[in-house]
Number of protein chains: 2
Amino acid sequence: MERTREPVSAGTDHISPADPLPFGRRGIDISSLQDIRPAAEALRDMARDLSNFRVAVSANIASKLPVTDAQGNALAQSVFGWPSSKDQWWKKPLLALSSPLIFVCRYESEPFWANARAIHTRAPNPLLSQIDLSHFRESVNAESFIVVPVHLPFGQIGAISYSPIEPGREDLSREFALYADILEYHGRRFINGYSRVTSQRPWIARNCRLSKREVECLRWAALGKTDAEIATILGRSCATVRFHIHNAATKLEAVNRSQTVFKATQLGYLGSVAAISSTPAQPHG
Amino acid sequence: MERTREPVSAGTDHISPADPLPFGRRGIDISSLQDIRPAAEALRDMARDLSNFRVAVSANIASKLPVTDAQGNALAQSVFGWPSSKDQWWKKPLLALSSPLIFVCRYESEPFWANARAIHTRAPNPLLSQIDLSHFRESVNAESFIVVPVHLPFGQIGAISYSPIEPGREDLSREFALYADILEYHGRRFINGYSRVTSQRPWIARNCRLSKREVECLRWAALGKTDAEIATILGRSCATVRFHIHNAATKLEAVNRSQTVFKATQLGYLGSVAAISSTPAQPHG
DNA sequence: TTCCTACCTGCCACTAGTTATAGGTTTTGA
DNA sequence: TCAAAACCTATAACTAGTGGCAGGTAGGAA
C-alpha cells in the first residue's frame with residue numbers, strides 16, 4: 001500500500017504519537033474493490049491507536065446494505081470488530097431510518113460527538129434541538145460517538161463513527177477537540193473511495209445547463225407550488241411556467257415533474273432555496 | 001484570532017515550510033457574521049503563502065449572490081483581490097450555471113485541478129468526459145485551478161478555488177499532490193462556517209421518519225414512474241402506492257409530490273438510488 | 001442571419017390528490 | 001408477555017393538476 005509518489009512535505013506526517021498511521025502520510029486511496037479491505041484495516045488501526053476507537057461506516061444512510069469488502073464480507077464484523085451478536089446500529093430494520101445520529105447527519109456536514117445526554121456540534125445548530133434522545137441507548141450500540149457526516153454528490157449521505165471500545169467513556173469533548181479533524185479527514189477519504197468504487201454512478205444528462213427562468217420555476221415547484229401559483233408569483237402565465245418546467249425536464253432528461261425536481265436537487269440547482277431572493281421564511285408549525 | 005483551546009498534538013501544526021498558516025493549527029471558526037472577514041483574510045493569506053494562489057469562493061453554486069462580509073462587501077474584491085473589472089467567474093450572468101468547473105462540482109466531492117486541456121481528479125470519473133472544455137478560457141478567469149467542491153446539507157453545493165496569481169502556471173499537478181488536502185481542509189471550514197452563519201436553515205418536519213415502503217415508493221416516483229407503474233413494479237395496488245406516497249408527504253409536511261421528492265432528496269432519503277436492490281441500471285442515451 | 005431564451009395561447013388526455021373506510025401484520029414499549 | 005401503535009394493503013369516486021401537442025412572437029447575443 002505504499003504510495004509511489006514522492007513524499008509529501010505537507011501532509012499528515014505530523015501525527016503524534018509515533019506516527020500511528022500505517023497507511024502513509026495521507027488518506028488511503030481506494031481505487032478498486034480490492035483496496036477496500038486494506039483501507040478498512042488501516043482505518044481501524046488508526047482509530048484504535050489514536051484513542052481506542054471502534055469504527056463504524058455507512059456509505060449511504062438511506063440504505064441498509066452493509067459496507068463490504070471485495071468478497072462481500074461485512075466490514076463491521078470482519079474488520080472493525082463489531083460482535084456479530086450485536087448488530088450495527090444501522091443494520092436493524094427501521095433503525096437505519098430512525099437513529100438520532102442519522103438525523104444529525106442529515107442536518108450537519110461537520111463532525112459532532114454525542115452521548116445519551118446531548119449532541120455536540122462545532123457550532124450551535126437549532127435544528128438539533130428537535131432530535132429526541134430519550135431512546136438513545138436502545139438506538140445505538142456504544143455509549144458515545146464522534147460522527148463524521150459525509151455529504152456526497154447526488155444527494156447521498158454517508159457517515160462514519162468512532163466510539164470507545166472500552167465501556168464507560170461518555171465524554172468525548174477532549175478527543176473531539178484533539179482528533180475531530182484527523183478523524184474527519186480519514187473518514188471522508190474512506191467513504192469517498194468506497195462510494196466511488198461500489199456505486200453505479202447515476203446517469204446524468206450530458207452537459208445540461210438550465211436557464212435562470214427554468215431554475216426559478218423549478219424552485220417554486222419544488223416548494224410545492226402549482227403552475228397557477230408560480231404564474232402568479234412570477235407575474236407570468238401558467239403556460240409559460242409549464243414551458244419552462246418542461247424545458248428543464250427535457251434538459252435533465254426527466255419524464256415528469258417529480259423526476260425533474262429529483263435530478264435538479266441532486267445536482268444542486270435547488271439547494272438551499274432559502275437563498276432565493278424574496279422567498280418568505282418557511283413557516284413553522 | 002488565536003484559539004483559546006489547548007494546543008493540539010494532532011492537527012495541522014506539521015505544516016512546512018515555516019508554518020505558513022496564520023490562523024493557528026486548524027481551520028478558522030466562523031461563529032458569526034463578524035468572523036467572516038477575518039476568516040477570509042486568513043484564508044487568502046494561507047493560500048498566497050502556500051503557493052501564491054488566489055482564492056475564489058462560492059457558498060452556493062446555484063446562487064449568484066457573492067460571498068460578502070458582515071457589511072455586505074463582496075469578498076472577491078475586498079479581500080481576495082480579484083480585480084473589479086474582471087468579475088468573478090460565477091458572477092457573470094449565465095456563467096454561474098454554465099462554467100465547466102461548476103459541473104465538476106456537481107459530480108465530485110473531492111478536490112480536483114483543471115486547466116484548458118483537462119480536468120484532473122484523484123480518481124477517474126467517467127462523467128467528466130462529458131464536460132466540454134472548448135470554451136474554458138472564456139468561462140473562467142484564471143489559467144488553472146485547484147477546486148474543492150463542498151457538498152452541504154439540503155442539497156446545497158459550495159465551491160472554493162485556488163488559482164495562481166502570476167500568469168503562466170498551467171500545470172498544477174505538483175501543487176495538487178502537495179497541497180490538495182490542506183486546501184480542502186481550510187476551504188471546507190470556511191464554506192461550512194460561512195454557510196452556517198449566512199443561511200436561513202430550511203425548515204424540516206420535526207423528527208420525521210419515513211417507513212421502508214414509503215421510501216421505496218418515493219424512490220420510484222423520483223425516478224419518474226407513475227403510480228400505476230410503481231404498483232406494477234412492487235406488485236401492489238395503485239391505491240396502496242398512493243397511500244404510501246401520501247403518508248410520506250404528510251410526514252415531511254409537503255403539499256404535493258414535487259415537494260415531497262424535493263424534501264426527501266434533501267434529507268438523503270433518495271440518495272444514490274442506484275443502490276436500490278434490483279434496480280436496473282440507468283439507461284444511456 | 002441564426003440561435004437561444006423568454007413569453008404567450010388553447011385543448012384534452014392522463015396522472016395525482018383527496019376523502020373515508022376496513023382489515024391484517026409487524027413492531028414497539030410497558 | 002401483551003396491548004398499543006405503526007405499518008401495510010386495499011377500495012371507490014371525484015376533482016385538481018400536469019403533460020403533450022400545436023401554434024405563434026419578440027429581443028438579445030454570437
Side-chain angles (χ1 to χ4, degrees), chain A residues 64 87 91-99 132 134-139 207-218 220-262, chain B residues 92-98 134-135 137-139 207-218 220-262:
Chain A
K64 295 204 297 289
D87 279 344
K91 265 192 70 182
K92 283 193 176 155
L94 280 190
L95 280 182
L97 303 176
S98 64
S99 161
D132 178 13
S134 53
H135 301 294
F136 186 87
R137 292 182 201 275
E138 302 97 73
S139 307
N207 217 11
C208 64
R209 62 191 262 190
L210 301 185
S211 73
K212 190 182 79 167
R213 220 38 154 171
E214 285 156 5
V215 173
E216 196 170 21
C217 291
L218 219 36
W220 286 115
L223 290 177
K225 304 303 179 187
T226 60
D227 291 343
E229 287 166 340
I230 298 167
T232 299
I233 290 165
L234 299 181
R236 293 292 175 257
S237 76
C238 195
T240 300
V241 171
R242 283 204 190 145
F243 175 77
H244 291 308
I245 288 174
H246 184 260
N247 272 356
T250 303
K251 288 175 180 181
L252 292 167
E253 303 192 5
V255 296
N256 62 22
R257 192 162 302 200
S258 296
Q259 195 183 18
T260 308
V261 165
F262 178 57
Chain B
K92 285 193 174 157
L94 281 190
L95 279 182
L97 302 175
S98 63
S134 53
H135 300 294
R137 293 182 198 277
E138 302 97 74
S139 306
N207 220 7
C208 64
R209 64 192 259 193
L210 301 185
S211 74
K212 190 182 79 165
R213 222 29 158 184
E214 287 158 2
V215 173
E216 196 170 22
C217 290
L218 220 36
W220 287 113
L223 290 178
K225 304 302 179 188
T226 61
D227 292 344
E229 287 165 342
I230 298 167
T232 301
I233 290 165
L234 300 182
R236 295 292 174 253
S237 76
C238 196
T240 299
V241 171
R242 284 204 188 145
F243 178 78
H244 290 308
I245 288 174
H246 185 258
N247 271 358
T250 302
K251 289 177 181 179
L252 292 167
E253 303 192 3
V255 297
N256 61 24
R257 193 163 302 201
S258 297
Q259 194 183 17
T260 308
V261 165
F262 178 57

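From a predicted model like this one, the values you see are computed outputs, not experimental measurements. Sequence lines set the chain letters: A, B, ... in the order given, protein chains first and strands last, and positions in each chain run from 1.
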Exercise. Assign A/Asp227 to base, sugar-phosphate, or nothing according to its heavy-atom contacts below 4.0 angstrom with the strands shown.
Key: sugar-phosphate

Self-check item: Contact under 4.0 Å: A/Arg236 side-chain N or O vs C/dA6 OP1/OP2
Solution: no

Quiz item: Is there a side-chain contact between B/Arg257 and A/Arg257 (heavy atoms, below 4.5 Å)?
Solution: no

Quiz item: Do A/Arg236 and A/Arg213 come within less than 4.5 Å of each other through their side chains, counting heavy atoms only?
Solution: yes

Quiz prompt | Whole angstrom value for the distance that separates C1' of C/dT15 from CD of A/Gln259 | solution = 15 Å

Exercise. Look at all strands and tell whether B/Asn247 reaches a base, only sugar-phosphate, or nothing, counting heavy atoms closer than 4.0 Å.
Key: nothing

Quiz prompt | First of B/Ser258 and B/Phe243 reached from the 5' end of DNA chain D, by closest nucleotide | solution = B/Phe243

Quiz item: Just to confirm, is there a sub-4.0 Å distance from OP1 or OP2 of D/dC7 to any side-chain nitrogen or oxygen of B/Lys251?
Solution: yes

Quiz item: With a 4.5 Å heavy-atom cut-off, do B/Leu252 and B/Leu210 have their side chains touching?
Solution: yes

Quiz prompt | Nearest to side-chain heavy atoms of A/Ser211, which nucleotide of C/dT5, D/dG19, D/dT9 | solution = C/dT5

Quiz item: If you check every side-chain atom of B/Arg213, which of C/dG17, D/dC8, D/dG17 has the closest atom?
Solution: D/dC8

Quiz item: Rounded to the nearest Å, what distance is computed from the CD atom of residue A/Glu214 to the P atom of nucleotide C/dC4?
Solution: 13 Å

Quiz item: Which of these nucleotides, D/dT11, D/dC8, C/dT15, is closest to any side-chain atom of B/Ala239?
Solution: D/dT11

Exercise. Write down the distance between CZ (A/Arg257) and P (D/dG17), rounded to a whole number of angstrom.
Key: 11 Å

Quiz item: What's the CD-C1' distance between A/Glu216 and C/dA6, to the nearest Å?
Solution: 12 Å

Quiz item: Do any side-chain nitrogens or oxygens of A/Ser237 fall under 4.0 Å of OP1 or OP2 in C/dT9?
Solution: yes

Practice problem: Return no unless some side-chain N or O of B/His246 is found under 4.0 Å from OP1 or OP2 of C/dA16. | Solution: no

Self-check item: Side-chain heavy atoms of A/Leu234 within contact of A/Cys217, under 4.5 Å
Solution: yes

Quiz prompt | Proximity to the side chain of A/Lys212 - top-ranked nucleotide from D/dC7, C/dA6, D/dT18 | solution = C/dA6

Practice problem: Answer with yes or no whether B/Arg242 presents, from its side chain, a donor or acceptor under 3.5 Å of a partner atom in the base of C/dA16. | Solution: yes

Quiz item: Tell me: CG of A/Leu234 to C1' of C/dC7, nearest whole Å?
Solution: 12 Å

Quiz item: Which part of the nucleic acid, if any, lies within contact of B/Thr240, taking any heavy atom under 4.0 Å across all strands shown: a base, the sugar-phosphate backbone alone, or nothing?
Solution: base

Quiz prompt | Gap between atoms NE2 and P, on A/His244 and C/dC8 respectively (whole Å) | solution = 8 Å

Self-check item: Nearest-Å distance for atom pair CD1/P, residues A/Ile230 and D/dG19
Solution: 11 Å

Quiz item: Atom NZ of B/Lys225 to atom C1' of D/dT18: distance rounded to whole Å?
Solution: 18 Å

Exercise. Decide yes or no for B/Ile245 and B/Arg242: does some side-chain heavy atom of the first lie under 4.5 Å from some side-chain heavy atom of the second?
Key: no

Quiz item: What's the closest nucleotide to the B/Ile245 side chain, out of C/dG17, C/dA16, D/dT9?
Solution: C/dG17

Quiz item: Within the distance-only criterion (no hydrogens, no angle test), does the side chain of B/Asp227 pair as donor or acceptor with the backbone N or O of B/Val241 below 3.5 angstrom?
Solution: no

